[in-house]
Peer 1: 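Below you will find the structure I want to go over with you.
In the text below, chain A, chain B and the rest are named by the order of the sequence lines, each starting its count at 1.
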Amino acid sequence: MVTTVDFLQQLNPSQRQAVEHFCGPLLVVAGAGSGKTRALTARIANLILNRRVDPGNILAVTFTNKAAREMKERIEKLFAEQEALARHSKPLHMLSEYEQIQLRSYVYKTFLKELWIGTFHSLCSRILRFDIEKYQSPDGQSWTKSFSIFDESDAQSLVKSIVINQMNLDDRKFNPRSVRFAISNAKNQGQTPDEYEEANPTFKGRAIAEVYRYYQRGLSANNALDFDDLIRVPVQLFRQNEQVLDYWHRRFRHILVDEYQDTNRTQYDLIQLLTTNGKGNQSFDDWKNRSVFVVGDADQSIYSFRAADFTILMGFQKEFGDGLADEETETLVKLEENYRSTSNILDVANHLIENNTERIEKILRATRGEGDAIFCHRADNEAMEAEYVVSQIRNLEMKNPELNWKDFAILYRTNVQSRAMEEVLTRFSIPYKVVGGLRFYDRREIKDILAYLRLVVNPADSVSLKRIINTPRRGIGKTTLDNLDKAAAELEVPLWDIMKDETSLKTLAGRASKSAIAFSRMVSSWQERADTVSPTEIVQEVLENTGYLEELKSKGTEEDLNRIENIQELYSAVAQFEEENEDATLNTFLANAALSSDNDKDNDENNQVTLMTLHASKGLEFAVVFLVGLEQGLFPSFRSLEDAAAIEEERRLCYVGITRAQDRLFLSHARERRTYGHMREVSTPSIFLSELPRDYIMTTVPSALPERWATTTREANLKNPQPNLNKPGTHEDDWSVGVPVNHKAFGEGKVTHIFGAGNKICLAIHFPGIGKKIIDPRTTTIERLG
DNA sequence: GGACGGTGCATTTTT
DNA sequence: TGCACCGTCC
């Protein structure tokens, strides 16, 4: 293949610097709309085309399937374009359809297929399909290749049964959801049950640690992993088995991570192990033909409640990089040119985010003109707010021929807020879609069918077995199930081990034994043939032989017909999966299903106004954005009001919302809002509104935009550590790298890096024996020793 | 085993 | 307010 550098010439200097960086570590701080996906894809192309890197040596990690898919598509297109020029001296679109298809298929086979591009979870599940049988947990648990992946509801029901049945705890005090949340958090921080208990030596902490122990045993007994373990198990395996780690370390010579601010501790460990082969960052210096390239934006870190930790991004320079100041460093590139929004919108966003203390100094530079003014409206209540929004949408749509319904987005903090908007949109017959809600694979009928398939692949999966043992009804009631379950528990074997034995069934199942045996034989026959027969065939048999479809058809309500449609869609998904993957098995299909959240199959009607939460909007852009419900207690959420760090995260969320807008931005809030039915509360406008530059914003009513809150008001709202601007040692000039310090709890350490500038700084301090901490000198007292 | 009503709960949620 | 879940009753 003759290479051209065409795709490099479309990049700006910073993008180009990032893309052409070859070996060693690089942190790319990529602001909103700065072309980071372009940089990532161009970098992969550059590695392969100009640096002769084997595609099989590249690992690109994303957080969503959508991002992975997008990256693949863009790389395929980029390669096809290069190839078209090289082979035919013509741009791709000038070629005949046949030539284009030929080229794309060549590109797919030669490059795309070899590249590992995917989410942390899908990549880890692939690694585990190779190596999980080499792993043994510290407690001696092990898994086989046919492991099930438990989704959140499987995990929660396991926790629930432990809380109630095994530990006899009050499930109101130990609500399964929050217990599962605590366990998940512990796992993502790399804590074992013992370590969790040590860190939480209360009654509750001890109890949760015990649930955690049972929970891990439960997962193993089901030959199942939850989402957290999917990443944690490879990390532990790499730590306990040098050969396995060495293999993957050699294989992935160039690692790219997207949305690096969203990585959690375990995900970081994984990247760190793969990069350094377990040698540790400090002693690892063999960057020959090897790189770790991470892209992220600390200002868009909005998933800390999911254990994401953006201080990992802030620490990259110290951990992997040269740690030098911005002017001298060779391991940091900032993409600050924004191609998305008008300068008015960017100025407002920049102003807002300046109020955060924990960040890497960065400013979005506009490449577009000033644009329209930003509006702020105060409505009497949520219904009036919705009317304001919808009337603006109608107006703009009517007066601007270039604007379609799909160019509008309404963004809110919480899902319930969609209701008021939907009512008015419906009243005016404006087409809209609400993003979020029930995932395809979370629907009851889909989960039922998948449970059958899971049981076929993984007979130890008792959670799936219990789900479908009597669905559809076959007379195996609670009493029978209890008997079988008790026997299984007594013998410490999976429930299916009892179920598959007809003698046992006859003894234990009593009146239900006849249908239990029929059920057992049916499932056994699928299990026996699963390796030889195609997945679609098994699915077809499940649908027919269980009578599942039959039952829905006979009931025939509208809901049932809908379920039948969904099941048909599932069947198509299996068929499509088979076509697209030559090595398609039931097992790989199930992994794929568990790890995909696609509910965006609404391609029939696309010209619609989009309604979604701010979280869901990350990564998207719209010509016109409405940011609604800007009220103190709603946005920022009342749960964040007393915690400075949480307020900063909400502010980042607001920043994300503002930077979604390309041309026009509308802000709104309501004086009164009905919450949970009756309570009507007079609300204060959001603190974020008070932080915006007034000159940029037109108000529709006099009281729409609040005055900048006095520091005292702000302090009253933030009871926790308060930035104290008059405290000594809060200015960047007070510090320099290498200065020894003393901290009350951590002892003596050395400053290794200074983030930020002026009196808005954070210090990275290394404490021997403890590690690195990022500390804000305004909220924490640190004594300078040198 | 299913229909019914009472009770309690209720951010955000990439996988 | 709206729903998910549970226990009760037939």
Peer 1: Throw together a table of side-chain donor-acceptor distances under 3.5 angstrom for residues 609-616 of chain A, partners on residues two or more places apart or in other chains.
Peer 2:
residue	atom	partner	partner atom	Å
A/Thr613	OG1	A/Ala616	N	3.2
A/His615	NE2	A/Ile302	O	3.1

Peer 1: In whole angstrom, what separates A/Leu230's CG from B/dT14's C1'?
Peer 2: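 Whole-Å distance recorded here is 14 Å.
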
Peer 1: Please enumerate all residues that pass salt bridge (Lys or Arg N to Asp or Glu O under 4.0 Å) together with A/Arg126, with sequence neighbours excluded.
Peer 2: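 Counting only residues at least two positions away or on another chain, A/Arg126 forms no salt bridge (Lys or Arg N to Asp or Glu O under 4.0 Å).
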
Peer 1: What residues, two or more places apart in sequence or in another chain, satisfy ring pair (Phe, Tyr, Trp, His ring centres under 6.0 Å) together with A/Phe666?
Peer 2: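 Only A/Phe375, A/Phe626 meet the ring pair (Phe, Tyr, Trp, His ring centres under 6.0 Å) criterion with A/Phe666.
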
Peer 1: Could you list the residues that satisfy salt bridge (Lys or Arg N to Asp or Glu O under 4.0 Å) with A/Lys160, not counting sequence neighbours?
Peer 2: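 Not a single residue meets the salt bridge (Lys or Arg N to Asp or Glu O under 4.0 Å) criterion with A/Lys160.
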
Peer 1: In whole Å, I'd like the distance from the CG atom of A/Asn381 to the C1' atom of C/dT1.
Peer 2: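 The answer, rounded to whole Å, is 16 Å.
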
Peer 1: Would you kindly give the CG-to-P distance between A/Asp228 and B/dT14, to the nearest whole Å?
Peer 2: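 Between P of B/dT14 and CG of A/Asp228: 14 Å.
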
Peer 1: For nucleotides 4-10 of chain C, just jot down a letter per nucleotide in 5' to 3' order: B, S or -, based on protein non-hydrogen atoms under 4.0 Å.
Peer 2: --S----

Peer 1: Go through the steps for A/Arg413 and A/Glu650 under the test salt bridge (charged side-chain N to carboxylate O under 4.0 Å, His left out), then give the verdict.
Peer 2: CA-CA 9 Å; A/Arg413 178 70 238 265; A/Glu650 301 263 338; 2.6 Å; yes

Peer 1: Under the rule for ring pair (Phe, Tyr, Trp, His ring centres under 6.0 Å), what residues qualify as partners of A/Phe227, not counting sequence neighbours?
Peer 2: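 Expected list: A/His121.
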
Peer 1: A/Gln417 has an atom CD; how far is it from atom C1' of C/dT1, in whole Å?
Peer 2: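 Distance, rounded to whole Å: 15 Å.
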
Peer 1: Just jot down the ring pair (Phe, Tyr, Trp, His ring centres under 6.0 Å) partners of A/Phe577, sequence neighbours excluded, or say none.
Peer 2: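 A/Phe589.
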
Peer 1: Could you list the residues that satisfy ring pair (Phe, Tyr, Trp, His ring centres under 6.0 Å) with A/Phe63, not counting sequence neighbours?
Peer 2: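 A/Phe63 satisfies ring pair (Phe, Tyr, Trp, His ring centres under 6.0 Å) with A/Phe120 once adjacent residues are dropped.
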
Peer 1: Contact list please: residues 469-481 of chain A against DNA chain B, heavy atoms, distance less than 4.0 Å, in numerical order.
Peer 2: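 Residues of residues 469-481 of chain A under 4.0 Å from DNA chain B: A/Asn470, A/Arg473.
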
Peer 1: Check step by step if salt bridge (charged side-chain N to carboxylate O under 4.0 Å, His left out) holds for A/Asp448 and A/Arg563.
Peer 2: CA-CA 11 Å; A/Asp448 287 344; A/Arg563 291 189 196 280; over 6 Å; no

Peer 1: Just confirming the chi classification of B/dT11, syn or anti, using 90° around 0 as the syn window.
Peer 2: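 In terms of base orientation relative to the sugar, B/dT11 is syn.
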
Peer 1: Quick one: what's the B/S/- string for nucleotides 7-13 of chain B, heavy-atom cutoff under 4.0 Å, read 5' to 3'?
Peer 2: ---BBBB

Peer 1: Mind checking what makes salt bridge (Lys or Arg N to Asp or Glu O under 4.0 Å) contact with A/Asp482, not counting sequence neighbours?
Peer 2: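 Expected list: A/Lys478.
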
Peer 1: Can you tell me how far C1' of B/dT14 sits from CD1 of A/Ile149, to the nearest Å?
Peer 2: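 My rounded result for the distance is 15 Å.
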
Peer 1: Whole angstroms only, please: what is the CD-P distance between A/Glu423 and C/dT1?
Peer 2: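 So the two atoms are 12 Å apart, to the nearest Å.
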
Peer 1: Check salt bridge (Lys or Arg N to Asp or Glu O under 4.0 Å) between A/Arg38 and all other residues, then give those that pass, not counting sequence neighbours.
Peer 2: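 Per chain and number, A/Arg38 pairs via salt bridge (Lys or Arg N to Asp or Glu O under 4.0 Å) with no residue.
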
